[in-house]
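Just follow the structure's listing: the first ligand is 1, and inside any ligand the first atom is 1.
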Amino acid sequence: MSYEGKTKIVEDAGEGLVLIHFKDDITAGDGEKHDVMEQKGAMCAEITARVMGWLNKKGVPTHFIEFIPPRTLKAKKLKMFPLEVVVRYKKAGSFIRRYGGKEGEELSFPLVEFFIKDDERHDPMVCTDHIVLMDIATREQVERMAELAADIAMKLKEYFEMAGYDLWDMKFEFGVDENGEIVLGDEISPDTLRLRKSGEIFDKDVYRKDLGDPMEKYREVLKACRSISS
Ligand code: TMP
Ligand code: ASP
């Protein structure tokens, strides 16, 4: 049994495990913009493996078990919440579209936001009551996801600072494991982070805004992750 999303194929490997194959597809605007870029899947898979491997060592519960080159992760099977949990340190993207302000302006504390994964409705933003009301998660699970997201964000900020990158914002997806614990799933890559260095963009905004070859930037981020992990 397998499930194919916009950028990944998740294959049930039995014994509570899945194989996640990263595709070379890149999308924006909830799939309205779509391209295929060589090496993209392999780069995002390895970046996710290195970052989640580091998080595992720091005591963060993630689904990541093993990187199977070139583009596959072996991971713990989770029952995923259909949610995107965003943590922001600086204003950008949909924050500015919704509330105004200037790109890169510091927020006075890390902001945690929840969105329902639903391309047709353009991932509507929701609060705890929406999530509980729609039986997506319990209040306690929402609180735990917010707490984990803020903690992981802090650790990732530290991780990317080691390579001189400033982490502006990021998106997480969580699921529940066989023990009922909430675990970080999905991926962590330039698709799901905003990473900046001396005004230069090292994330999917290069693609979203047509600013050149995004894969050059993804390659730089992968090099940085290799240098941190080794
Ligand atoms: P946003 O400003 O567009 O809401 O994005 C916030 C962060 O979440 C940014 O790092 C990009 C990431 N993100 C995803 O990973 N998937 C998505 O579908 C969206 C909209 C954003
Ligand atoms: N991930 C979304 C898409 O694939 C939107 C985005 O990342 O900008 O369309």
Could you tell me whether some N/O pair between R97 and ligand 1 is separated by less than 3.5 angstrom?
no
N-O pairing of D203 and R196 below 4.0 Å:
yes
Where does D191 meet ligand 1, judged by heavy-atom distances below 4.0 Å: at the side chain, the backbone, both, or neither?
backbone
Looking at L167, D169, D203, the heavy atom closest to atom 10 (O) of ligand 1 belongs to D169
Using a 4.0 Å cutoff against the non-hydrogen atoms of G31, which atoms of ligand 2 qualify?
3 (C), 9 (O)
Within 4.0 Å of some non-hydrogen atom of G93, the atoms of ligand 1 are 2 (O)
Once you restrict to heavy atoms under 4.0 Å, what part of E32 touches ligand 2? Side chain, backbone, both or neither.
neither
State whether E200 and K197 are salt-bridged, where the test is any N-O pair (Lys NZ or Arg NE/NH1/NH2 against Asp/Glu carboxylate O) under 4.0 Å.
no
Before accepting this row, confirm whether a basic side-chain N of the pair E173/K171 lies closer than 4.0 Å to the acidic partner's carboxylate O.
yes
Could you work out, for atom 2 (O) of ligand 1, the closest of G31, S94, P190 by heavy-atom distance?
S94
Which ligand 2 atoms are under 4.0 Å away from a heavy-atom of D30?
3 (C), 5 (C), 9 (O)
Any heavy-atom pair between the side chains of T48 and F22 that's under 4.5 Å?
yes
Does K40 come within less than 4.0 Å of D191, counting only side-chain N to carboxylate O?
yes
T192 heavy atoms, cut-off 4.0 Å: which ligand 1 atoms fall inside?
10 (O), 15 (O)
Pair E140 + R144, salt bridge at N-O below 4.0 Å
no
Could you check Y207 against D35 for side chain to side chain donor-acceptor pair (under 3.5 Å), going step by step and ending with a plain yes or no?
CA-CA 10 Å; Y207 176 72; D35 285 278; 2.7 Å; yes
For R208, take its heavy atoms, then give the atoms of ligand 2 lying under 4.0 Å from any of them.
6 (C), 7 (O), 8 (O)
Between R226 and E46 (salt bridge meaning N to carboxylate O under 4.0 Å), is one present in this structure?
yes
If the threshold is 4.0 Å, N to carboxylate O, is there a salt bridge linking D205 and R194?
yes
Is K90 paired with E105 through a side-chain N to carboxylate O contact shorter than 4.0 Å?
no
So which heavy atom in the protein is nearest atom 13 (N) of ligand 1, and how far is it from that ligand atom?
K171 CB, 3.9 Å
At a 4.0 Å cut-off, with the gap strictly under it, does some heavy atom of E113 reach an atom of ligand 1?
no
Looking only at protein heavy atoms, what sits closest to atom 17 (C) of ligand 1 is E84 OE1, 3.4 Å
Enumerated ligand 1 atoms positioned under 4.0 Å from heavy atoms of L193
10 (O)
Proximity flag R208 to ligand 1, non-hydrogen atoms under 4.0 Å
yes
Is any NZ, NE, NH1 or NH2 atom of the basic residue among D177 and K76 found under 4.0 Å from an Asp or Glu carboxylate oxygen of the other?
yes
Any heavy atom of M170 under 4.0 Å from ligand 1? The part involved is backbone
Tell me, which protein residue and heavy-atom name are nearest atom 4 (O) of ligand 2, and how many Å apart are they?
T27 OG1, 2.2 Å
Do R194 and ligand 1 have an N or O pair less than 3.5 Å apart?
yes
Got the closest protein heavy atom to atom 1 (N) of ligand 2, with its distance?
K204 NZ, 3.5 Å
Does K23 pair with E4 as a salt bridge, N-O distance under 4.0 Å?
yes
